[in-house]
Amino acid sequence: MAFDVSYLHLPPFCFEIQTDIAAVSANLRQIYPSALQQEAEAPDYFLTVKSGSGLRKHLRPQARFLSDQQEPFKPVEIGNAFALLEWGMNWCVATQEMRFVIVHAAVLEKDGKAILFPAPPGSGKSTLTAWLAFNGWRLLSDEMALILPGSQTVLPFVRPICLKNKSIDLAKSWFPNARFSSIAKNTHKGDVVHLSPPANSWQQNTVPAQVVAIVFPKYAKDQPLQITALNQAQAFMSLAENAFNFSLAGAEGFNTVVRLVEKCQNYEVTYTQVSELAEFLVEDVLRYADI
Amino acid sequence: MYRQSLILNDGVLSHSLQDESGTVFFNIYSGETLVLGLPLAIIEQQLTDPLSDLRQDDDGMSQLQSFISNVIVRPQSEFDGL
């Protein structure tokens, strides 16, 4: 297959994507129906996802990811090529963007008020993100919060939601008409599917929001909702652990993280029912948050 | 009103959190952070008068002293010509 060249307009960035893998092109069209275009003035990143060459191409087909001819990851099974591209885009932004303080967190907004959900893998963050995004909240990001230094302003970086393992079937039962990617099997995260966010998130993908709360979520089976208010020292430690470039951003990064924990409500929550957690977020967090 | 962090020395920023739950320190060269569960005023008192009757956190104070002493403040001349 010849190389297919397209452009993903994902404010605040633009990616040029070259691929010779048909499944990657198909998934791009499936997941990014409005962001995928045939031309761009000035892409920020030049990415290639291509099939491996040589004998291996026939014995055990693989996909390779390159960013400006740099290859940061080992090749993966060809069936996981689209997931490789998604992780590659994350890698580009997380390692190269110094205009923002970047926090590993989902970001969702309602009435102009945004909540950061920083969480390690396995905490149910993406399942929570998917539910909220399809139930009246606007998704700004599933993976990384782009905070303008010295402020509480978070910019959208709208991308698909990365669902893993059991959450895949759950999300497909919740949102049968949503747009899902093909499945990437047996990745280092298990089975992975990407879910395209609802139209309102794409339509407002240049509209920033003000962060009013930081919620560290943790899913636990058959548990009542447990809410713990964090003091600012606890919140700082937890947020700093999830800030990709905080230590590189110097005093500006430090002051931005300090500002966030001082200006926001900070909670740790353990939940089973997403709807119960959502009610707490609306009735007890957003209602009393000023912007 | 947001207060800018105080500069403890040339290489360390410190900030006493508004809710008085602690003070955060940041090594501007290495990016390392330290959080102590004491307000900055008490920490400063501890640093200058270790025998004072104020709240003490011996482990935290030795961590802080180690944190500060590890900050290598390079003279400006080292950066000339870079």
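Chain A is the first sequence line, chain B the second, and so forth, proteins listed ahead of strands; every chain is numbered from 1.
Rounded to the nearest 0.5 Å, atoms NE2 (His15(B)) and CG (Asn255(A)) are 8.0 Å apart. To the nearest 0.5 Å, atoms OG1 (Thr33(B)) and CE (Met237(A)) are separated by 9.5 Å. Atoms CD and OG1, from Gln232(A) and Thr23(B) in turn, are 11.0 Å apart once rounded to the nearest 0.5 Å. Taking CG of Leu17(B) as the reference point, atom CD of Gln234(A) lies at 11.0 Å (rounded to 0.5 Å).
The aromatic rings of Phe26(B) and Phe246(A) sit tilted, their planes meeting at an angle between 30° and 60°.
Other residues, nucleotides and ligands place no more than 12 heavy atoms under 6.0 Å from the NZ atom of Lys218(A). Within a 6.0 Å sphere centred on CD of Glu279(A), heavy atoms belonging to other residues, nucleotides or ligands number 12 at most. Enclosure of atom CD in Gln273(A) is not indicated, since only 12 or fewer non-hydrogen atoms of other residues, nucleotides or ligands lie within 6.0 angstrom.
Only the side chain of Val261(A) comes within less than 4.5 Å of a heavy atom of chain B; its backbone N, CA, C and O stay farther away.
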Run the side chain to side chain contact (heavy atoms under 4.5 Å, CB included) test on Phe254(A) and Val24(B) for me, step by step, so that the C-alpha distance in whole Å, both residues' side-chain angles and the decisive distance to 0.1 Å come before the verdict. CA-CA 9 Å; Phe254(A) 173 71; Val24(B) 288; 3.5 Å; yes
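Among Ile28(B), Val35(B), Leu36(B), the residue with the largest count of heavy-atom pairs under 4.5 Å with chain A is Val35(B).
Remark: the backbone N or O of Ala233(A) is paired with a side-chain donor or acceptor of Ser21(B) at under 3.5 angstrom.
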